[in-house]
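Here the structure comes first, spelled out in structure tokens, and everything after it is commentary.
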2 protein chains.
Amino acid sequence: MAPAPVDASTRDRIRDAALALFGRHGYAGASVRDIAVRAGVSPALVIHHFGSKEALRAECDALIVDEIMGRKESLLDGEPGDLAATMQRWLADVDSHRASLDYLTRMITDGGAAGERLFDDLVARTRAMIDQGVAAGTMRAGSDPAMTAVIIATHGLVPLLLEHHLGRALGEQGLSPALVRRMTLPTLELYTHGLYSSPAILEAASAALAGSPETSRGPRSDKGAGDPNQDPDPPAAPASDP
Amino acid sequence: MAPAPVDASTRDRIRDAALALFGRHGYAGASVRDIAVRAGVSPALVIHHFGSKEALRAECDALIVDEIMGRKESLLDGEPGDLAATMQRWLADVDSHRASLDYLTRMITDGGAAGERLFDDLVARTRAMIDQGVAAGTMRAGSDPAMTAVIIATHGLVPLLLEHHLGRALGEQGLSPALVRRMTLPTLELYTHGLYSSPAILEAASAALAGSPETSRGPRSDKGAGDPNQDPDPPAAPASDP
DNA sequence: CACCACACTAAACGATCGTTCAGCGCGCCG
DNA sequence: CGGCGCGCTGAACGATCGTTTAGTGTGGTG
């Protein structure tokens, strides 16, 4: 990896240092002084070049957006799947893109206009990819395409958001290439066969929601949440303890 | 909602204020003075009661863990699914549990021993639930049960982690009960039928991975290992840096 | 009443934050 | 050569941070 090439311009070195530290510690957690030390300059020079810490952040945002969306094509011109393709490429060698991926995670979690645009674009591209897959017959059409696209897109972000937990829970530190590869098959299994072996739960939930379209006081089956990790019994079963 | 009941003890009021502000702005983003103002006391009293800001955080952690795991049962005694069931109940009316859910999100994302234990426990319970489902015949057994449990568990956390984006992308603000309900069917569809209409992609990826178990120069099928969703990959956190 | 424990506060301390300021050195242009 | 722009720095400013200190009032107990 080449975090801080000495031959780069001083301004670029500061920007790269900011990108690395914002990504690792968050915007609030990375001080201008820390950034200056990493870039080998004085804190005053950081402000001199960028005007303020917030403006420096904006420039980092723009750089990452460029890197994700592709420098040469506009946001929506490429193939629908190329955002995912870009991320795939990044996955191939994690280490060299670690700073960018860290920063991307912060953009999505820290909240901000740039992060919102990035997320919305990711959802839009996922939606287009699904529509294309449905048209080609390789994917199933869901009952709520907009929501399905959001769900699929967010599921794709999980390894980014929970990298640390994923690595730790599986005996590695961080998200190694080996871990990424290990995720492939179980993920594809889930997206090919699902988890449930019968449509009983889906049908039960569907019937329950159709029966109580508004806030349901009645059926205890309001499983609303996004996870299937609810108890394996059908929606009618009550959930127990407080 | 009742954020600060006046009749509660002062100590509890401080703790509740800290929980709300830590959840909303993060640990670093919420100052002792802010917490004191919200609790209607002086900043010094916060330290007087809890010793330090970090100790206050620890008490908030413990409170939330208690609330999630259930006050009366030990962490692993209950039914395998009851952690998910608890989250289900919380999501059923998000507004009244807003502070706890926000804090839970921070615990998982901010990194810390309590958050790690929480995550690991969630994965363990998810694993147990899947094993139980497989034994009962209601779920399919995956090729990598440990990884499958991690994936399913993390997918369940998505609505929490990306609440803001989810709401915005779907035209609401935050995670409304209506939105939670709307997620139910598409999620269950995904977990029942999957996304792909044929096992072709899974089989291709399976063959490719079997052919190159170690660092693969990559199946040239552009989608090969990749599916729509896996985008991510994060950086690890090495120890050192200036 | 005397005494003390304790909830509680005002003020301040030292550290660190983002930012400003005055100035230094050096290369370029007249 | 003289001046000037500019990359760059050390020092400082004011704000805010977590925490400490010294102290006040009050209520219970001897």
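Sequence lines set the chain letters: A, B, ... in the order given, protein chains first and strands last, and positions in each chain run from 1.
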### Query
Is there side-chain contact between R13(B) and V41(B), with at least one heavy-atom pair below 4.5 Å?
yes

### Query
Taking the side chain as C-beta and beyond, is there a heavy-atom pair between L118(A) and V65(A) under 4.5 Å?
yes

### Query
With under 30° as parallel and over 60° as perpendicular, where do the rings of Y27(B) and F22(B) fit, or are they tilted in between?
tilted

## Note on the structure
Going 5' to 3' through nucleotides 16-27 of chain D and flagging B where a protein heavy-atom sits under 4.0 Å of the base, S where only the sugar-phosphate is that close, and - otherwise, we get -BBBB-------

#### Entry: CA sep, side-chain torsions, deciding dist, call: H165(B), V123(A), side chain to side chain contact (heavy atoms under 4.5 Å, CB included)
CA-CA 10 Å; H165(B) 288 292; V123(A) 170; over 6 Å; no

### Task
Please say whether the positively charged group of R11(A), taken as NZ for Lys or CZ for Arg, lies over the ring of F50(A), i.e. under 6.0 angstrom from the six-membered ring centre and within 45 degrees of the axis.
yes

### Criterion side-chain contact (heavy atoms from CB on, under 4.5 Å) against I64(A), the qualifying member of D66(A), I68(A), D61(A)
I68(A)

### Message
Need one value for V46(B): base, sugar-phosphate or nothing, where a base atom within 4.0 Å counts as base even if backbone is also close, heavy atoms only.
### Response
nothing

### Task
Calculate the interatomic distance between F50(A) atom CZ and dT20(C) atom P; express it in whole Å.
16 Å

### Message
Rounded to whole Å, how long is the line connecting atom CG of L45(A) with atom P of dT19(C)?
### Response
14 Å

### Task
Under the side chain to side chain donor-acceptor pair (under 3.5 Å) rule, collect the residues that match up with S31(A), sequence neighbours excluded.
D34(A)

### Message
Counting only side-chain nitrogens and oxygens, does H49(A) get under 4.0 Å of the OP1 or OP2 atom of dC6(D)?
### Response
no

Dump every N/O contact between nucleotides 25-27 of chain C and the protein below 3.5 Å, one line per pair.
none

### Test: D120(A) and R117(A) ion pair at under 4.0 Å
no

